[in-house]
*Asks:* 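Following this message is one structure expressed as structure tokens.
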Amino acid sequence: MEHRSQTVVHRIDSVSSGEQRYIQERKLKAAQALTALGFPCSQQEVPHVALLASGGGQRAAVALVGSLHQLQKDSLLDTLLYLGGVSGSTWSMASLYSDPDWSQSLGAHMASLVSAQNVGLDQTLSWVQDMAQREDFSLTDVWGALTSAGIMKQWDTRKLSGEAQRNASNPYPVYGAIEKRCFNQGPIQGSWFELSPHEVGFPELGVFVETWALGSKFQNGTMREELPELDMIQVQGILGSAIANQKMEENVPPWLNVPELLDAAAQDYLPSYNTIRTFITVSRSHLTSETARSHLDQLEAALQERVNQDQSSLLRTLSPQQRQQHFLRWSSELGTVIQEWSQGLPQGGANTHLSLLVNKVLPLVLRWEWGTLNNFLYQYNEVSIPACLSSQQHLHLVDGGLLVNVGYPSFLGPRRDIDLIIAPEYSAGDMFETLTLARDYAASVQRPFPPLDEQLMQKEKLWPRDCYVFEGNGTAPTVVFMPLFNQRNCKDPEEWSQKMEEFSTFQKSFNSDMILKLLQTAQENIRNNKETLLKEVHKALQRRRSRGGAGQGSAGQEEQGRGGD
């Protein structure tokens with residue numbers, strides 16, 4: 001790209017000109033698909049349909065591929081203009097889009113999920129060691145490497161911006177994340193962050209940079225130093241980093257799990273231990289050496305012994321400030337346990353790699369350093385930017401599922417002017433939480449969202465149906481909501497709960513039988529509700545046609561004189 005050194009932050013309420021051109025080309029394909037389904041229409045009349053996949057770890061990553069494959073078999077895939085993802089669903093999106101024609105080869109992608117082999121540990125840790133030389137190295141890089149290699153079993157160092165030059169054979173991808181500092185202490189408008197092949201930025205603030213520039217150094221809206229673009233391993237680490245703030249209630253040692261002891265200081269201490277345990281679990285999945293696995297087992301046992309030492313009597317005698325100091329010291333002692341373990345490893349082979357990994361990761365765990373990138377809004381003063389962004393030299397981007405576990409924020413309102421959202425739900429817990437959180441988000445930023453049936457959702461949240469239609473009104477899109485496990489494939493709430501536990505979010509990599517079950521379940525959900533989907537696509541077409549094909553925004557209109565190509 002020419003004149004990169006002159007790259008600046010740009011402000012815009014619509015999408016990039018590059019995305020607009022892609023969507024215009026995609027509409028030609030969608031018009032052909034709709035005509036073949038018996039819904040003839042012009043390019044201008046094509047409804048704006050988005051499939052928004054939820055998070056849910058490997059459960060979401062696998063199930064999304066099954067859902068897409070069945071949509072392809074039912075001739076519905078090419079009616080989609082957009083594919084949006086957060087958290088676990090972005091793992092498979094990143095994998096799929098490595099193939100420029102994945103929409104035509106989903107059967108092969110399904111087969112590869114079942115039969116893929118782990119990426120070699122040497123290659124994984126070599127990449128981590130290279131990333132460790134960068135000043136913005138964080139736990140996100142380590143997590144991206146381990147999940148890419150050990151869970152998705154694909155090593156993809158291509159760049160997201162490379163997809164900007166492709167034709168429109170696939171739906172346009174949009175990935176969702178959040179800025180951690182603003183999420184914790186800033187306005188809602190500064191929280192949601194989206195990434196697409198053409199640009200990245202904060203849609204509610206209307207500030208973006210071209211995708212290749214994310215991570216480069218900016219000041220007052222102008223690039224000062226170009227740095228290498230993130231690769232898709234790093235991007236997957238950002239998008240799937242729910243572990244950065246995952247709830248730790250299930251992993252609290254019994255002696256600490258009492259209200260008077262489980263204070264803020266304890267909550268800061270527990271993630272360090274649980275993150276190390278998670279890294280151990282994922283690392284173990286890479287290893288073929290029983291000796292190396294045994295060494296990891298020894299480390300895990302030593303950490304558990306340290307954390308399970310009952311310190312309740314001591315804590316009850318301390319003030320809150322004194323407790324905080326003790327928890328800080330105990331976090332440091334976890335590091336001592338790891339270092340002593342590392343020093344006792346025999347030299348050579350996987351043991352050397354493991355030693356290097358934990359010695360690089362440990363300081364980051366103790367600092368709780370996630371998603372660190374140079375901030376393109378640093379000292380940006382042209383518009384009102386929250387202090388949680390403009391005053392900081394670094395962004396901290398983490399899993400968007402921590403705010404809303406479906407990418408609704410990128411698809412509400414006039415910017416992409418969506419008529420219909422197909423929302424396969426792969427989340428854990430309360431099945432309707434993503435909908436209520438999206439509704440509340442929409443209200444807070446004054447975006448349209450369809451009305452929800454509170455009484456129905458409360459009644460069925462622990463054993464949902466396989467499909468719900470929440471009808472849009474005015475400018476609000478219609479949402480077709482499709483829980484993965486439901487009343488059709490689970491005979492009662494107990495079986496539903498068992499399925500959710502069997503395919504839980506945070507666990508070791510699924511085996512081939514589990515992957516096959518998830519793929520089949522996701523396919524069945526789409527196949528069973530084909531007629532509902534056809535009906536809603538047709539209604540979306542009629543809605544678009546009734547407005548003369550023009551929508552409320554400019555997502556499909558050509559725009560002159562802006563960046564993002």
*Asks:* Which pairs pass salt bridge (Lys or Arg N to Asp or Glu O under 4.0 Å) with one or both residues in residues 462-471, sequence neighbours excluded?
*Replies:*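 Every salt bridge (Lys or Arg N to Asp or Glu O under 4.0 Å) pair that includes a residue of residues 462-471, provided the two are not neighbours, is Glu460-Arg465, Asp466-Arg488, Glu471-Lys539.
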*Asks:* Kindly indicate whether the side chain of Ser497, heavy atoms from C-beta on, has any atom under 4.5 Å from the side chain of Cys490.
*Replies:*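 Side chain of Ser497 against side chain of Cys490, heavy atoms only: no contact under 4.5 Å found.
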*Asks:* Using a cut-off of 6.0 Å, state whether more than 12 heavy atoms not belonging to Glu260 lie near its atom CD.
*Replies:*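 Result for CD/Glu260: enclosed.
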*Asks:* Please check if the distance between the ring centroids of Tyr82 and Phe411 is under 6.0 Å.
*Replies:*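 Under 6.0 Å, so yes.
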*Asks:* Hey, could you give me each pair passing salt bridge (Lys or Arg N to Asp or Glu O under 4.0 Å) that has a residue in residues 56-79? Not counting sequence neighbours.
*Replies:*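 Only Arg26-Asp78 qualify under salt bridge (Lys or Arg N to Asp or Glu O under 4.0 Å).
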*Asks:* Would Glu531 and Lys535 pass as an ion pair if we require N to O under 4.0 Å?
*Replies:*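 No, no charged N to carboxylate O under 4.0 Å.
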*Asks:* Suppose we screen for ring pair (Phe, Tyr, Trp, His ring centres under 6.0 Å). Which residues come up paired with Trp463, at least two apart in sequence or across chains?
*Replies:*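 Residues passing ring pair (Phe, Tyr, Trp, His ring centres under 6.0 Å) with Trp463: none at all.
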*Asks:* With a 4.0 Å cut-off on N to O distance, would you call Asp453 and Lys459 a salt bridge?
*Replies:*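 Between Lys459 and Asp453 there is no salt bridge, as every charged N stays at least 4.0 Å from the carboxylate O atoms.
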*Asks:* Can you name the salt bridge (Lys or Arg N to Asp or Glu O under 4.0 Å) partners of Glu204, sequence neighbours left out?
*Replies:*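 Once residues adjacent in sequence are excluded, the partners of Glu204 under the salt bridge (Lys or Arg N to Asp or Glu O under 4.0 Å) criterion are Arg447.
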*Asks:* Please tabulate, for the side chains in residues 107-115, all donor-acceptor contacts under 3.5 angstrom to protein atoms that are two or more places apart in sequence or on a different chain.
*Replies:*
residue : atom : partner : partner atom : Å
His109  : NE2  : Asp99   : OD2          : 3.2
Ser112  : OG   : His109  : O            : 2.8
Ser115  : OG   : Ala111  : O            : 3.0

*Asks:* For residues 422-432, dump all side-chain donor-acceptor pairs below 3.5 Å to protein atoms at least two apart in sequence or in another chain.
*Replies:*
residue : atom : partner : partner atom : Å
Glu425  : OE1  : Thr434  : OG1          : 2.7
Glu425  : OE2  : Ser54   : OG           : 3.3
Glu425  : OE2  : Ser427  : N            : 2.9
Glu425  : OE2  : Ser427  : OG           : 2.4
Tyr426  : OH   : Ser67   : OG           : 2.7
Ser427  : OG   : Asn405  : ND2          : 2.8
Asp430  : OD1  : Phe432  : N            : 3.0

*Asks:* How long is the gap from CZ on Arg323 to CG on Leu261, to the nearest 0.5 Å?
*Replies:*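 Result: 5.5 Å between the selected atoms.
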